[in-house]
**Student:** 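Have a look at this one before I ask anything.
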Amino acid sequence: MRKVFLLFTFSLITLSLSAQTTTRYEISFENAVHHEAEISVIYTNLENKVLEVRMSRTSPGRYALHEFAKNVYGVKATDGKGKELEVTRPNPHQWNVSGHDGTVKFEYTLFANRGDGTYSQVDETHAHLNIPATFAWARDYEHRPIEITFDVREDLNWKVATQLKPLEGTTYYAPDLYYFLDSPVEIADFHERQEAIDGQLIKMALHTPATDEEVDEYFGKVMAIVNAQVNLFGELPEFDYGEYVFLNCFMPNASGDGMEHRNSTIVTNSKPIGQPLGNTSLGTVSHEFIHVWNVERIRPASLEPFNFEEANMSGELWFAEGFTSYYDDLILHRAGINTAAEYAEALDGGLNYVINRPGRQFFSPVEMSYQAPFVDAATSVDPQNKTNTFISYYTYGSVLGLGLDLSLRKMDGNKNLDDFMKLMWRAFGRTEVPYTNRDIHEMLVDYAGEDFADEFFEKYIFDSQLPDYESLLADFGISLTKANPGKAVLGTGIEIEDGVGKLESNALIGSPIYKAGIESEDEIATIAGTSLSEVESVDDILSEYKPGDEIEITFTRWGEEKSASVTLAEDSTLKSELNQKADRTAKQRRDAWLKK
């Protein structure tokens with residue numbers, strides 16, 4: 001679909017815009033101090049039927065529902081003569097406009113006060129616009145080109161940054177609704193930098209207080225990341241308008257996030273004013289730019305086309321998000337931003353999460369991917385048991401990417417995940433042919449052989465087994481060992497407040513606390529005869545015991561006093577680090593892997 005979309009896009013651009021019926025948007029920010037924007041959209045040459053105007057329910061790069069209509073009010077519609085039209089609500093997301101004369105001007109006020117990759121934020125520092133969270137659109141007219149004018153606050157020295165095609169002044173163009181909804185906008189008094197690579201521009205609009213010297217240094221790091229990723233995939237994609245823009249907003253009023261789009265990305269962080277720019281969100285920058293290849297163009301068929309009216313479910317997120325997550329930190333090392341020792345020591349975070357959490361007994365990586373609509377910034381008021389049943393497809397996939405890369409590198413023929421990703425790029429990304437899990441499997445068959453590919457998918461993708469990471473990493477000069485051998489633990493964290501202990505989460509399945517029948521609603525009074533009012537941490541008590549010891553815990557559940565016998569376990573936390581005593585072969589493998 002994306003290939004067809006591109007051909008259609010460029011053919012449209014060659015036509016005279018006057019020969020097309022264009023949807024025209026305008027947005028202004030007079031009441032920015034109170035987080036409001038005024039928006040109008042004009043539809044012309046309409047069919048003689050009810051006009052169905054909607055707000056999106058989700059957004060590109062997000063998989064859960066977000067119900068953007070909740071922040072829309074003051075709706076009215078007029079026809080071509082200015083006559084007010086009847087507006088009805090068939091559902092929470094839609095306004096039906098009837099009785100028009102072929103023209104409808106649809107107007108509303110938007111409240112926007114969350115600056116991240118999903119929502120919009122309007123205040124006197126900026127207008128940070130995620131398009132699906134901001135602009136209504138009409139069914140049956142998605143194919144029409146769009147022109148949008150941003151009435152910027154000149155008194156605030158605002159400028160516009162976006163992947164939309166500039167026309168004149170602050171008016172921009174999108175070839176159709178799909179491209180428009182995928183094109184975030186940052187309007188602010190921001191820093192600007194750009195650099196050319198192979199005839200295309202990499203641009204950065206950076207909204208944050210910083211000196212020119214800081215911005216130059218930061219952009220240098222961004223470009224080091226970009227160049228390391230170009231080396232990984234072998235080339236840049238052809239951007240639709242010859243440029244890619246980082247929309248970076250590091251302000252106290254922003255929320256930490258990152259969100260990929262076809263020719264741009266949003267990266268936000270709530271960096272306090274006065275804090276040095278440093279390495280702010282460079283890991284997110286790395287992750288989102290990899291998506292230029294993996295997700296935006298090497299794209300799961302399950303997300304194509306993206307549905308703006310329903311949740312989007314994909315069984316390929318372990319690869320799309322997970323393998324991207326594997327590379328984001330590795331690229332930081334290859335770009336010279338962190339050391340080999342720092343990279344090695346950071347591996348244990350993901351390994352501990354995936355190896356030691358109980359979720360794998362419920363879902364494979366494919367099935368974990370299916371959970372995205374429930375966990376991808378999704379909200380609900382009822383308690384869930386995700387602590388026990390879910391492992392993020394980001395981290396799960398990252399750990400699998402590590403396992404696949406190291407396993408390939410041990411094979412004959414100088415194989416590695418970098419070259420496999422290049423194959424995926426040439427087969428599915430450059431051609432923009434969407435893929436499935438079976439397509440990844442077949443590509444791995446072609447690259448590494450049927451036996452290897454079948455075993456990897458049967459054990460680790462369609463089932464929940466894991467590679468032997470201790471052995472794999474040892475072959476590359478990295479040790480993976482117990483962080484606290486002999487340390488006795490209860491297996492689920494306990495927070496102490498005002499002398500009362502509460503579990504930090506639901507009791508983890510298989511942990512001593514779980515086996516003892518203690519849960520998150522319980523209020524723990526004593527452990528091994530010691531009142532929690534006498535200690536700052538549970539470790540202060542357990543340091544006197546060893547794994548296998550049996551202790552007594554007293555607690556209150558809904559006003560009733562109870563006690564339970566608990567058998568302590570050994571801490572399963574792992575640590576990873578460079579093995580300075582590794583043999584020459586392991587060090588050579590490690591250098592080839594990390595310095596590629």
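For the numbers below, each heavy atom of this structure counts, side chains included, while hydrogens, waters and symmetry mates do not.
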**Student:** Give a yes or no on whether a salt bridge exists between Glu238 and Arg430, defined as a side-chain N under 4.0 angstrom from a carboxylate O.
**Tutor:**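 Judged by the 4.0 Å cut-off on N to carboxylate O distance, Glu238 and Arg430 do not form a salt bridge.
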
**Student:** Check Asp212 with Arg193, please: is the shortest side-chain N to carboxylate O separation under 4.0 Å?
**Tutor:**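 Salt bridge flag = yes for Asp212 with Arg193.
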
**Student:** Listed by chain and number, what are the salt bridge (charged side-chain N to carboxylate O under 4.0 Å, His left out) partners of Glu214, not counting sequence neighbours?
**Tutor:**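 If we apply the salt bridge (charged side-chain N to carboxylate O under 4.0 Å, His left out) test to Glu214, skipping adjacent residues, there are no hits.
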
**Student:** Run the salt-bridge test on Lys159 and Glu186 with the 4.0 Å N-O cut-off and return the result as yes or no.
**Tutor:**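 The answer is no: the pair does not qualify as a salt bridge.
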
**Student:** What heavy-atom pair brings Ala372 and Leu317 nearest, and what distance separates the two atoms?
**Tutor:**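 It is CB-CD1, 3.5 Å.
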
**Student:** Has Glu142 got a side-chain atom pairing as donor or acceptor with Asp140's backbone, closer than 3.5 angstrom?
**Tutor:**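 At least one qualifying donor-acceptor pair exists.
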
**Student:** Can you list everything that forms a side chain to side chain donor-acceptor pair (under 3.5 Å) with Arg153? Sequence neighbours excluded, please.
**Tutor:**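 Applying side chain to side chain donor-acceptor pair (under 3.5 Å) to Arg153 gives Asp155.
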
**Student:** Nearest heavy-atom pair of Leu282 and Lys221: which atoms, and what distance?
**Tutor:**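 Nearest pair, atom of Leu282 first, then Lys221: CD1-CD, 3.7 Å.
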
**Student:** Which heavy-atom pair separates Leu85 from His100 by the least distance, and what is that distance?
**Tutor:**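 Looking at all heavy atoms of both residues, the closest pair is CD1-CB, 3.7 Å.
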
**Student:** Determine, step by step, whether Asp116 and Arg114 satisfy the salt bridge (charged side-chain N to carboxylate O under 4.0 Å, His left out) criterion, reporting the C-alpha distance in whole Å, the side-chain angles of both residues, the deciding distance to 0.1 Å, and the verdict.
**Tutor:** CA-CA 6 Å; Asp116 65 7; Arg114 184 174 174 87; 2.7 Å; yes

**Student:** Can Arg62 and Asp257 be counted as an ion pair, charged N to O under 4.0 angstrom?
**Tutor:**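 Between Asp257 and Arg62 there is a salt bridge, with a charged N closer than 4.0 Å to a carboxylate O.
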
**Student:** Under 3.5 Å, is there a donor-acceptor pair between the side chain of Thr171 and the main chain of Leu167?
**Tutor:**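 No, because the side chain of Thr171 does not come within donor-acceptor range (under 3.5 Å) of the backbone of Leu167.
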
**Student:** Would you call Asp240 and Arg262 a salt bridge, taking side-chain N to carboxylate O under 4.0 Å as the test?
**Tutor:**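 Between Arg262 and Asp240 there is a salt bridge, with a charged N closer than 4.0 Å to a carboxylate O.
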
**Student:** I'd like to know whether Tyr394 forms a side chain to side chain donor-acceptor pair (under 3.5 Å) with Asp328, so could you lay out the CA-CA distance, the side-chain angles of the two residues, the decisive distance to 0.1 Å, and finally the verdict.
**Tutor:** CA-CA 11 Å; Tyr394 286 86; Asp328 54 31; over 6 Å; no

**Student:** Tell me whether Asn312 contacts the main-chain N or O of Glu310 through its side chain, where contact means a donor paired with an acceptor under 3.5 Å.
**Tutor:**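 Here the side-chain-to-backbone pair exists.
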
**Student:** Check whether more than 12 heavy atoms from other residues, nucleotides or ligands sit under 6.0 Å from atom NZ of Lys83, and answer yes or no.
**Tutor:**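 Result for NZ/Lys83: open.
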
**Student:** Taking Lys422 for its side chain and Leu232 for its backbone only, find out whether a donor-acceptor pair lies under 3.5 Å.
**Tutor:**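 Between the backbone of Leu232 and the side chain of Lys422 there is a qualifying donor-acceptor contact (under 3.5 Å).
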
**Student:** Restricting to side chain to side chain donor-acceptor pair (under 3.5 Å), what partner residues turn up for Asn157, sequence neighbours left out?
**Tutor:**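 Side chain to side chain donor-acceptor pair (under 3.5 Å) list for Asn157, sorted by chain: Asp189.
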
**Student:** Just grab all the ring pair (Phe, Tyr, Trp, His ring centres under 6.0 Å) pairs involving residues 42-68, residues at least two apart or on different chains.
**Tutor:**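 Applying ring pair (Phe, Tyr, Trp, His ring centres under 6.0 Å) to every pair that reaches into residues 42-68, excluding sequence neighbours, yields His66-Tyr119, Phe68-Tyr119.
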
**Student:** Are any side-chain N or O atoms of Ser120 and backbone N or O atoms of Asn130, one a donor and one an acceptor, separated by less than 3.5 Å?
**Tutor:**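 Judged by distance alone, yes, a pair lies under 3.5 Å.
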
**Student:** Any luck finding a side-chain donor-acceptor pair between His93 and Arg54 under 3.5 Å?
**Tutor:**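 No, no side-chain donor-acceptor pair sits under 3.5 Å.
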
**Student:** Are any of the side-chain nitrogens in Arg57 or Glu309 under 4.0 Å away from the carboxylate oxygens of its partner?
**Tutor:**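 No salt bridge links Arg57 with Glu309.
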
**Student:** For Asp182, does its backbone N or O pair with a side-chain atom of Gln163 as donor and acceptor, under 3.5 Å?
**Tutor:**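 It does hold such a pair.
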
**Student:** Quick check with a 6.0 Å cut-off and a 45 degree axis cone: is Lys76 positioned over the face of Phe106's six-membered ring?
**Tutor:**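 No - Lys76 does not lie over the ring of Phe106 by the 6.0 Å and 45° rule.
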
**Student:** Residues in salt bridge (charged side-chain N to carboxylate O under 4.0 Å, His left out) with Asp198, at least two apart?
**Tutor:**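 Applying salt bridge (charged side-chain N to carboxylate O under 4.0 Å, His left out) to Asp198 gives none.
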
**Student:** Is there side-chain contact between Val226 and Phe246, with heavy atoms separated by less than 4.5 Å?
**Tutor:**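 Touching, per the 4.5 Å side-chain cut-off.
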
**Student:** A quick test of your reading: do over 12 heavy atoms of other residues, nucleotides or ligands sit less than 6.0 Å from CG of Asn48?
**Tutor:**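 Incorrect, the count does not exceed 12.
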
**Student:** With side chain to side chain donor-acceptor pair (under 3.5 Å) as the criterion, how do His287 and Glu260 come out once you've worked through the C-alpha distance, each side chain's angles and the decisive distance to 0.1 Å?
**Tutor:** CA-CA 9 Å; His287 182 95; Glu260 74 277 4; 5.7 Å; no

**Student:** Please answer whether the main-chain N or O of Ala136 pairs with a side-chain N or O of Tyr108 as donor and acceptor at a distance below 3.5 Å.
**Tutor:**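 At least one qualifying donor-acceptor pair exists.
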
**Student:** Check the pair Thr395 / Trp318 against side chain to side chain contact (heavy atoms under 4.5 Å, CB included), numbers first and verdict last.
**Tutor:** CA-CA 8 Å; Thr395 315; Trp318 63 270; over 6 Å; no

**Student:** Side chain to side chain contact (heavy atoms under 4.5 Å, CB included) with Pro184: which of Leu129, Leu247, Thr265?
**Tutor:**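 When side chain to side chain contact (heavy atoms under 4.5 Å, CB included) is applied between Pro184 and each of Leu129, Leu247, Thr265, only Leu247 qualifies.
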
**Student:** Return the set of residues passing side chain to side chain donor-acceptor pair (under 3.5 Å) with Ser286 (not counting sequence neighbours), or none when no residue passes.
**Tutor:**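 By the side chain to side chain donor-acceptor pair (under 3.5 Å) rule, Ser286 matches Gln229.
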
